[in-house]
Peer 1: 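Here it is: the structure, laid out below.
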Amino acid sequence: QVQLVESGGGLVQAGGSLRLSCAASGRTFSRNAMGWFRQAPGKEREFVAAISWSGSITDYADTVKGRFTISRDNAKNTVNLQMNSLKPEDTAVYYCAAGWNAAIVRRPHEYRYWGQGTQVTVSS
């Protein structure tokens, strides 16, 4: 059974940092692109960041570029999201996702597996 499990969410003050981790089990995703999405109450799920299978190519939403960094460790089957300079508008449930293949994409339907999400709350 394939599982993606996120961790690292929590409550932080504006300007602070959090590091989210996503651990995959059930199969290896070393040849798949991985991504992070978020969903705030009353809003659609939105793309945050994605990383190629090798980790050499990354893509970020404009809203997080320069503040967030995505990385992966294929040996551990994990993907991380380092979030710095957090803002109240970053408050959301953050989801890890595994792509169908190696292509870096931004639309939720282009990802095959999803985690349950971890809550990130940034206070002002």
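Since this is a predicted model, take the numbers as computed values, not measurements.
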Peer 1: Would you call Ile104 and Ile57 a side-chain contact if the rule is heavy atoms closer than 4.5 Å?
Peer 2: yes
Peer 1: With a 4.5 Å limit on heavy-atom distance, are the side chains of Val48 and Leu81 in contact?
Peer 2: yes
Peer 1: Distance from Ser71 atom OG to Arg19 atom CZ, nearest 0.5 Å?
Peer 2: 5.0 Å
Peer 1: Counting only N and O atoms by type, is there a donor-acceptor contact under 3.5 Å from the side chain of Arg106 to the main-chain atoms of Asp59?
Peer 2: no
Peer 1: Measuring centre to centre across the rings, with the benzene-like ring taken for any Trp, is Phe47 within less than 6.0 Å of Phe37?
Peer 2: yes
Peer 1: Looking at Gln116, I'd like to know if its CD atom is crowded, meaning that more than 12 non-hydrogen atoms belonging to other residues, nucleotides or ligands lie closer than 6.0 Å.
Peer 2: no
Peer 1: Under a single-linkage definition using a 4.5 Å side-chain heavy-atom cutoff for Ile, Leu, Val, Met, Phe, Trp and Tyr, are Leu18 and Val79 assigned to the same hydrophobic cluster?
Peer 2: yes
Peer 1: State the SG-OH distance between Cys22 and Tyr113, to the nearest 0.5 angstrom.
Peer 2: 13.5 Å
Peer 1: Tell me the closest heavy-atom pair linking Gly117 and Val93, and the distance in Å.
Peer 2: CA-CG1, 3.8 Å
Peer 1: What verdict does the side-chain contact (heavy atoms from CB on, under 4.5 Å) test give for Trp36 and Cys96, after you've listed the backbone C-alpha separation in whole Å, the side-chain angles of each residue and the deciding distance to 0.1 Å?
Peer 2: CA-CA 5 Å; Trp36 284 95; Cys96 170; 4.0 Å; yes
Peer 1: For Thr121, does its backbone N or O pair with a side-chain atom of Thr91 as donor and acceptor, under 3.5 Å?
Peer 2: no
Peer 1: Of the non-hydrogen atoms in Val105 and Ala50, which two are nearest, and what is the gap between them?
Peer 2: O-CB, 4.2 Å
Peer 1: Taking all heavy atoms of Leu86 and all of Arg67, pick out the closest pair and write down the distance.
Peer 2: CA-NH1, 3.9 Å
Peer 1: So, do Val120 and Leu20 sit near enough that their side-chain heavy atoms are less than 4.5 Å apart?
Peer 2: yes
Peer 1: Once rounded to the nearest 0.5 Å, what's the spacing between atom CZ of Arg72 and atom OG of Ser54?
Peer 2: 8.0 Å
Peer 1: Less than 4.5 Å apart, any side-chain heavy atom of Ser17 and any of Asn84?
Peer 2: yes
Peer 1: Do Met34 and Phe29 have side chains that get closer than 4.5 Å, going by heavy atoms?
Peer 2: yes
Peer 1: Please report the closest heavy-atom contact between Ala92 and Ala40, naming both atoms and the distance.
Peer 2: CB-N, 3.8 Å
Peer 1: Using the rule that two of Ile, Leu, Val, Met, Phe, Trp, Tyr join whenever any of their side-chain heavy atoms come within less than 4.5 Å, decide whether Tyr94 and Val12 are in one cluster.
Peer 2: yes
Peer 1: Please name the pair of heavy atoms, one in Leu4 and one in Ala24, separated by the smallest distance, quoted to 0.1 Å.
Peer 2: CD2-CB, 3.5 Å
Peer 1: Where the side chain of Asn77 meets the backbone of Asn74, is there a donor-acceptor pair that is under 3.5 Å apart?
Peer 2: no
Peer 1: Do we get Arg45 above Tyr95's six-membered ring, with its NZ or CZ under 6.0 Å from the centre and within 45° of the axis?
Peer 2: yes
Peer 1: With the side chain counted from C-beta on, respond yes when Pro108 and Gln39 share a heavy-atom pair under 4.5 Å apart, and no when they do not.
Peer 2: no
Peer 1: Between Lys65 and Asp62 (salt bridge meaning N to carboxylate O under 4.0 Å), is one present in this structure?
Peer 2: yes
Peer 1: Under the side-chain contact (heavy atoms from CB on, under 4.5 Å) criterion, do Gln82 and Phe68 qualify, and how do the steps go?
Peer 2: CA-CA 5 Å; Gln82 178 66 43; Phe68 291 11; over 6 Å; no
Peer 1: Shared ILVMFWY cluster between Ile70 and Met83, side chains joined below 4.5 angstrom?
Peer 2: yes
Peer 1: Hey, what do you get for CZ (Arg38) to CD (Glu89), rounding to the nearest 0.5 Å?
Peer 2: 8.0 Å
Peer 1: Specify the closest pair of heavy atoms between Arg112 and Arg27, including all atoms of both residues, with the distance to one decimal.
Peer 2: NH1-NH1, 4.0 Å
Peer 1: Report the residues that fulfil ring-ring contact (aromatic ring centres under 6.0 Å, His included) with Tyr60, sequence neighbours left out, ordered by chain and then residue number.
Peer 2: none
